[in-house]
Amino acid sequence: MKKTILAIETSCDETGIALVKAESHSTGLGQTNFPKFKVLKNLVSSQIKIHRPFGGVVPGLAKREHIKNLPLLLKKLLHSKFYILNSIDLIAVTVGPGLEPALWTGITFARELAEKYKKPLIGVNHLEGHLYSFLLTTHHKLPTAKKLFPAIALSVSGGHTVLLLMKNLKTCERLGETKDDAAGEAFDKVARMLNLHYPGGPEIEKMAKKGNPEAIAFPRPMLNQKNYDFSFSGLKTSVFYYLRDTKKVKVADIAASFQQAVIDVLISKTMRAAEDYGARSIILCGGVAANKKLRIDMKQEARNKKMNFSVPDMEYNNDNAAMIAAAAYMGLSRKKKYKIEANGDLNI
Ligand code: KG4
Ligand code: ZN
């Protein structure tokens, strides 16, 4: 099955439009190879600078910027591939989870395009986008399905932290998730306490390089609980009390110790699930997967346990539309379709 997909992503503060060619073919043994994705264009217009003065994403501003950016990005795409709108097979758009006013901008734009060019329109779950983003790689060869599954996938971003069991490429089961703040959200909130810029993840990572990860013994929340859930708000509060009660603070040590606490919890829960379910591989994805320390430590831990490790190429960790095209393609053979309307709380 060959498809050229135009995908649109507006769930938070990145406006994304991508053009992706997807193809899969049967091996003849009743088994399907991994689909091959060719990302022809992946345009992202980031609103970071606009939201930065507010220390986080302002939904009204995000909506305004998406409305402004979508036609500009499409024009840019058309300029480079002028023929595309007639030659594409389908349009895919993120329907949730995310900020509903932001989601609606992408949905309205996609609906109008689909109507104008008489193309089928598919709703995509943003979390599935992150989950399948590792398939977009051009830098390394993916392991075979036999070496990959069962897999434990950890999807960590600003909006969610979820641990999944993937029995194969199309079947996944939610094992656990955060009970309060998402991992990326904790990075963002702690960064704000430390007077670092939004988004906090990359800022804390930069600062942490100059600090000692063992300097402060921040708690590792829910580490010893026999479930696969996470909680980061207690850790965030510990940083708050530390800052309040300590006279001379070293920001780099706080950043390094906080980052290490988050990484320890993420790795330990993921590895426990991997052991419990006899996983052959670990898949890491979502915006927080851009954290190099997390990538390196998780890979090492997987290697120690003789498991494969997959993580998206750097350009596909943070929100983008290429991953939405990949998820749309993966969802084509599924009976259940997502409604083409914004659902801020959609889960996986
Ligand atoms: O996936 P994403 O772009 O958007 C959501 O779906 O939420 O993730 C954004 C989140 C932000 O919270 C950001 O601080 C975090 O990912 N992030 C990082 C890093 N880069 C982005 N967290 C830790 N280390 C990083 N290098
Ligand atoms: Zn995301």
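Indexing begins at 1, ligand by ligand and atom by atom, following the structure's order. Keep in mind that this is a model prediction, so the values were computed, not measured. The chain is numbered in sequence order, starting from 1.
Nearest protein heavy-atom neighbour of atom 24 (N) of ligand 1: N291 ND2, 3.0 Å. Considering only non-hydrogen protein atoms, atom 22 (N) of ligand 1 sits nearest to G201 CA, 3.3 Å. The shortest contact between atom 5 (C) of ligand 1 and any protein heavy atom is with S157 OG, 3.3 Å. For atom 15 (C) of ligand 1, the closest non-hydrogen atom of the protein is V288 CG2, 4.0 Å. Atom 14 (O) of ligand 1 has D188 OD1, 2.7 Å as its closest protein atom, hydrogens excluded (heavy atom only).
Comment: K3 does not engage D89 in a salt bridge, judged by the lack of any side-chain N to carboxylate O separation of less than 4.0 angstrom. Note on K305 versus E275: salt bridge recorded, some NZ/NE/NH1/NH2 to OD/OE distance being below 4.0 Å. Comment: K189 engages E185 in a salt bridge, judged by a side-chain N to carboxylate O separation of less than 4.0 angstrom.
Among the candidates N347, T161, L163, L164, the single residue satisfying the side-chain contact (heavy atoms from CB on, under 4.5 Å) test with E177 is N347. Y329 pairs with exactly one of L135, I5, V124, I324 by the side-chain contact (heavy atoms from CB on, under 4.5 Å) rule, that one being I5.
In H126, the part holding a heavy atom less than 4.0 Å from any atom of ligand 1 is the side chain.
Within ligand 1, the atoms closer than 4.0 Å to a non-hydrogen atom of P199 are 14 (O), numbered from 1 in the order shown. Ligand 1 places these atoms under 4.0 Å from at least one heavy atom of N318: 2 (P), 3 (O), 8 (O), 9 (C), 21 (C). Atom numbering of ligand 1 starts at 1 in the shown order; those under 4.0 Å from a heavy atom of G159 are 7 (O). Close contacts of ligand 1 with H130, meaning ligand atoms under 4.0 Å from a residue heavy atom, involve 1 (O), 6 (O). Taking every non-hydrogen atom of G158 and a distance limit under 4.0 Å, the qualifying atoms of ligand 1 come out as 5 (C), 7 (O), 8 (O), 9 (C), 10 (C), 12 (O). Using a 4.0 Å cut-off to heavy atoms of E205, the atoms of ligand 1 that qualify are 25 (C), 26 (N). Near A290, meaning under 4.0 Å from one of its heavy atoms, ligand 1 places the atoms 20 (N), 26 (N).
An N or O contact shorter than 3.5 Å is missing between H160 and ligand 1 by distance. Distances between N or O atoms of G286 and those of ligand 1 include no value under 3.5 Å. In terms of polar-atom proximity, D319 is counted as a contact of ligand 1, with an N or O under 3.5 Å from an N or O of the ligand.
Distances shorter than 2.8 Å separate the Zn ion (ligand 2) from the protein N/O/S atoms H126 NE2, H130 NE2, D319 OD1.
Separation of atoms OG1 (T94) and CE (M323) is listed at 6.5 Å; rounding is to 0.5 Å. The distance from atom NZ of K63 to atom CG of L103, rounded to the nearest 0.5 Å, is 12.0 Å. With rounding to the nearest 0.5 Å, the separation of NE2 in H66 from OG1 in T108 is 12.0 Å.
Note on ring orientation: taking the six-membered ring where Trp is involved, the planes of H130 and H126 are perpendicular (angle over 60°, cut-offs 30° and 60°). The aromatic rings of F258 and F187 sit perpendicular to each other, their planes meeting at more than 60°, with 30° as the lower class boundary.
Looking at residues two or more places apart in sequence or on another chain, you find no side chain to side chain donor-acceptor pair (under 3.5 Å) involving K206. Partners of S231 under the side chain to side chain donor-acceptor pair (under 3.5 Å) rule, at least two apart in sequence or in another chain, are D180. For Y117, there are no ring-ring contact (aromatic ring centres under 6.0 Å, His included) partners at least two apart in sequence or on another chain.
Residues Y198 and V262 do not share a hydrophobic cluster, defined by chaining ILVMFWY side chains whose heavy atoms lie under 4.5 Å apart. Clustering ILVMFWY residues whenever any of their side-chain heavy atoms sit less than 4.5 angstrom apart, transitively, puts M307 in the very cluster that holds L266.
In this comparison of G184, S155, G287, the heavy atom closest to atom 8 (O) of ligand 1 sits on G287.
Not a single heavy atom of C12 sits under 4.0 Å from any atom of ligand 1.
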